Amino acid sequence: MIHTDVIVIGGGPAGLAAAITAKRAGAQTLLIEREARLGGILKQCIHDGFGLVRFGEKLSGPEYAERFIHEFHEENIEALTLTFVTKIKKTDDGFVLSAVNRSGVAHLSAKALVLATGCRERTSKQVFIHGTRPSGVFTAGTAQHLINLLGQMPTKKCVILGSGDIGLIMARRITLEGGKVEGVYEAKPTPSGLTRNIYQCLHDYGIPLHLSKTVTKVFGADRLTAVEVCSVDKKMQPIEGTNEIIECDALILSVGLIPENELAESLGIQIDPRTKGPVCDEVLMTSADGVFSCGNALHVNDLVDYVSESGECAGKAAAGFARKERMELSLSVGENVQYLVPQRLNLNAEDLKTVLYFRSREVFGKCSFVMTVDGVEVFRKRYSVLRPPEMERVEYDFGPLGLTAESLVSFEIEEA
Amino acid sequence: MKELICIVCPNGCAMEVSTEGKNISVMGNKCPKGEKFAIDEKTNPVRTICSTVKTVFPSVPVLPVRVSAEIPKSRIFDVMGEIGKVLVVKPIGCGDVVISNVLGLGVDIIATSGILKTEGR
């Protein structure tokens, strides 16, 4: 059995940053990746705009990933690729992992774990579309994989359901490659993706965005031949008589991302229903001592720069992990806050300088992000606008507040 | 007056642009880059584009590329046409030029991955 200090599961941007940081902090570190190559989803994200916060440059996904892969190799960190973790067992002094790869089943032990397993796309099974089961229905990420990694065009004329960022990026990509995008349909009254992506991916290419409209039915025997779209009411129910048939050979879904936490759940780790990722403290330790979470497994990010940042936070803490009693205080959020990460503080920690990430529940114009302790305001940050697709980041040092386990720390967005 | 979304950075500022004769005034931008973007949008809109080029390597059938600097928005599909003609036969590195001075625009098409150096076989 291989023994090590820290095992990082997942070799995307979060896992790479976690492993590099853990190694630099002095921990013997091993990274496990199920694919053949490191880099995670960035390998297929060939568009630019990555790294503006971190490097002040507009990099493509592969360029951003390769900067970290380079550092990873410079640190001489061991990586097991084409290796899949099937089981994690808690032991007295850490964890034992079972992993399978081409040489069979391996057992590995570590004192601390970093779960950097990313997220998965919602599929057609999860959005309940009626009709036949033809080929030609796939997720935006699958279309991206086919075009950008395999060089295969999966459609000549398509409809995109959902206005998530990957769907918008793929609308532009398909158009550039000579395909026709008939339109992007979004059941909600506001777009899910970033405003700048609506502008540069749809508006630039004259691709219509239909809000409060959804796909209700697919047609076709072997291959998709058409879809039915319909307007929806405020409860997202189709409005009778508004249906329309659109001929196309593909339906591309960009209907949301869900953090991947099967391994976390197998350890009984508490999951936040708001983020669908583990409940974590200020160093991103989950409810299981010694297990850390970062990147899109923790909550779905819109910028990779923050994915790397959370990986560094988790990696550093995993390297310094020593089993100590935690005194936990939950951070509560008001109804205008969609979610807040971290969800807890460990008051026994020496340092309570914390990076907070949050999203608003709906679009708010002039507003403030306000923190109160026992009803008394202690922090306020003003925003000209908050939009759910755009995650916000705030640094705050809870140390000077002298919090106790009985303190009520609450966050809310107040309209100005 | 026209509303415009800045695409320079993730802030995505909503800007208002008004033109009076030759004067273009911009409001709502959080930084000078926004103003430049808005004026460019009015006078000479430019974009960066990213795509892939075909290779002869079965393990990496396509290689990601982008323009080395912005190109006029009106020339996007012309440049895409040139990108579509490329076949990479050598294991080139990240940043290497795939097409130099594409269509005389003074901009190169460069590789954005070093994958062929390790996997080009």
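A note on names: the letters A, B, ... follow the listed sequences, proteins ahead of strands, and every chain is numbered from 1. Just so it is clear, the structure is predicted and the values come from calculations on it, not from any experiment.
Residues of residues 70-81 of chain B that come closer than 4.5 Å to chain A, counting heavy atoms only, are B:Lys73, B:Ile76, B:Phe77, B:Met80, ordered by residue number. For residues 46-53 of chain B, a heavy-atom distance under 4.5 Å to chain A picks out B:Arg47, B:Thr48, B:Ile49, B:Cys50, B:Ser51, B:Thr52, given by residue number.
Between the CG atom of A:Leu82 and the CZ atom of A:Arg34 there is a distance of 11.5 Å, given to the nearest 0.5 Å. For the atom pair CG of A:Leu16 and CD of A:Glu312, the computed distance is 11.0 Å after rounding to the nearest 0.5 Å. Taking NZ of B:Lys30 as the start and CE of B:Met15 as the end, the distance is 11.5 Å to the nearest 0.5 Å. Separation of atoms OG1 (A:Thr175) and CD1 (A:Ile207) is listed at 3.5 Å; rounding is to 0.5 Å.
When heavy atoms are compared at a cutoff of 4.5 Å, A:Arg37 approaches chain B solely by way of its side chain, counted from C-beta outward. Residue B:Lys54 does not touch chain A at all, counting heavy-atom pairs closer than 4.5 Å.
The residues A:Glu63 and B:Arg66 are annotated as salt-bridged, a charged nitrogen and a carboxylate oxygen being separated by less than 4.0 angstrom.
The ring of A:Phe68 has its center closer than 6.0 angstrom to the ring center of A:Tyr64.
Of the N and O atoms on the side chains of A:His299 and A:Tyr339, at least one donor lies less than 3.5 Å from an acceptor on the other residue. Of the N and O atoms on the side chains of A:Glu309 and A:Tyr357, at least one donor lies less than 3.5 Å from an acceptor on the other residue.
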Please lay out, stage by stage, how A:Arg380 and A:Ser368 fare under the test side chain to side chain donor-acceptor pair (under 3.5 Å). CA-CA 6 Å; A:Arg380 174 179 289 261; A:Ser368 299; 3.2 Å; yes
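For the options A:Ile198, A:Ile147, A:Val385, A:Asp204, heavy-atom pairs under 4.5 Å to chain B are most numerous at A:Asp204.
Using a 30° and 60° split on the angle between ring planes, A:Tyr199 and A:His203 fall in the parallel class, below 30°.
Of all heavy-atom pairs between B:Pro64 and B:Ser113, the closest is CG-CB, 3.6 Å.
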